[in-house]
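Everything on this sheet refers to the single structure shown next.
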Number of protein chains: 2
Amino acid sequence: MRNKLKVLRAERDWTQADLAAALDVTRQTVNAIEKGKYDPSLPLAFKIGRLFEMPIEQIFFSGAEEA
Amino acid sequence: MRNKLKVLRAERDWTQADLAAALDVTRQTVNAIEKGKYDPSLPLAFKIGRLFEMPIEQIFFSGAEEA
DNA sequence: TTATGATGTAAAGCATACTTAACTTTATGT
DNA sequence: ACATAAAGTTAAGTATGCTTTACATCATAA
């Protein structure tokens, strides 16, 4: 699953640590999600959507590869 | 996290087993999610959204309780 | 009553999400 | 060169998502 976190962060000039704090997760978690190491849980995805004020589908997209 | 799975299923007259098959998960998984025992992973939530042709936020909603 | 389909539930196991702690790399500025 | 901030990465541990197997409950119907 790909995502726009890095761009959304850049638009706001936020560090990974800033975003992590806003989401109440660790910096490592933000880094891992941003780098596609794993997908966020649904609750965390909702938090992200709320924070950036956009639908989850506009932030995360399941590339053609996945089921 | 609450959800409308039971209603969406009812509207289509699908059993939990039908939905499970459509999502390629087990019947127990559908039952557990439907009963709020746990939340689906983000990829599964996407599949559900695609299947019912509606945004994830229209199927799942984080009630006031959760972070 | 007996059978059948749908739903509910539980235990054990594997995979994934997330944490803490620590170290490395890259870029920027002095 | 040295310091610092940001990003990248790793290991070990806990929690959650999902599977398989199995059994229990409930409604409908023959």
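Every chain is numbered from 1 and lettered A, B, ... according to where its sequence line falls, protein lines coming before strand lines.
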Looking only at side-chain N and O atoms, does A/Asn31 come under 4.0 Å of OP1 or OP2 in D/dA7?
no
Do [X] and [Y] come close enough that some side-chain heavy atom pair is under 4.5 Å?
{"X": "A/Asp13", "Y": "A/Asp18", "value": "no"}
{"X": "B/Ile56", "Y": "A/Leu42", "value": "yes"}
{"X": "A/Arg12", "Y": "A/Phe52", "value": "yes"}

Indicate yes or no for a side-chain donor-acceptor contact from [X] to the backbone of [Y] under 3.5 Å, with no hydrogens or angles considered.
{"X": "B/Asn31", "Y": "B/Gln16", "answer": "no"}
{"X": "B/Arg9", "Y": "B/Trp14", "answer": "yes"}
{"X": "A/Asp39", "Y": "B/Pro43", "answer": "no"}

Report the distance from atom [atom1] of [X] to atom [atom2] of [N], rounded to the nearest whole Å.
{"X": "A/Gln16", "N": "C/dT19", "atom1": "CD", "atom2": "P", "result": "14 Å"}
{"X": "B/Arg9", "N": "C/dG8", "atom1": "CZ", "atom2": "C1'", "result": "12 Å"}
{"X": "A/Lys47", "N": "C/dA17", "atom1": "NZ", "atom2": "P", "result": "17 Å"}
{"X": "A/Trp14", "N": "D/dA7", "atom1": "CH2", "atom2": "P", "result": "13 Å"}

Under 4.0 Å protein heavy-atom contact, by nucleotide of nucleotides 14-30 of chain D - B base, S sugar-phosphate only:
---SBBBBB--------
Pairing pattern in dot-bracket form [Watson-Crick, G-U; both distances under 3.5 Å; | = partner strand] for DNA chain C:
||||||||||||||||||||||||||||||
What is the minimum heavy-atom distance between B/Ile33 and B/Asn3, and which atoms define it?
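Nearest heavy atoms, B/Ile33 then B/Asn3: O-ND2, 3.0 Å.
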Is the number of heavy atoms from other residues, nucleotides or ligands within 6.0 Å of CD (B/Glu53) greater than 12?
no
